[in-house]
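For reference, the structure is listed below as structure tokens.
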Amino acid sequence: MTDDGTAAAAATSPLGYEQARDELIEVVRRLEAGGTSLEDSLALWERGEELAKVCRHWLEGARARLDGALAGPAEDEA
């Protein structure tokens with residue numbers, strides 16, 4: 001089940017899973033490296049949260065498709 005924030009982030013974001021994941025990796029790298037101002041760190045954190053929501057949406061969609069595919073043949077045989 002998705003929350004409203006996850007659905008909204010995915011609906012307004014043209015990013016695919018791989019793009020969001022790659023950008024999220026870069027955000028984490030920059031935060032871990034340090035050396036940014038508090039304001040910049042907060043902005044990076046917020047962007048990371050948005051990107052994580054996009055990734056979560058894509059992964060939940062993939063899980064739903066897999067569950068549907070796995071459930072499909074068993075229901076047809078019954």
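Side-chain contact between Arg63 and Leu59 is absent, with no heavy-atom pair separated by less than 4.5 Å.
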Sequence neighbours excluded and cut-off under 3.5 Å, please list the side-chain donor-acceptor pairs for residues 20-29, or say none.
residue	atom	partner	partner atom	Å
Glu23	OE1	Arg47	NH2	3.1
Glu23	OE2	Arg47	NE	2.8
Glu23	OE2	Arg47	NH2	3.2
Glu26	OE1	Arg29	NE	3.1
Glu26	OE2	Arg29	NE	3.4
Glu26	OE2	Arg29	NH2	2.5

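No donor-acceptor distance shorter than 3.5 angstrom exists from the side chain of Trp45 to the backbone of Leu31, with no hydrogens or angles considered.
In this structure, CG on Leu44 lies 11.0 Å from CD on Glu39, to the nearest 0.5 angstrom.
The side-chain hydrogen bond (donor to acceptor under 3.5 Å, both in side chains) check on Asp40 picks up Ser37, with sequence neighbours excluded.
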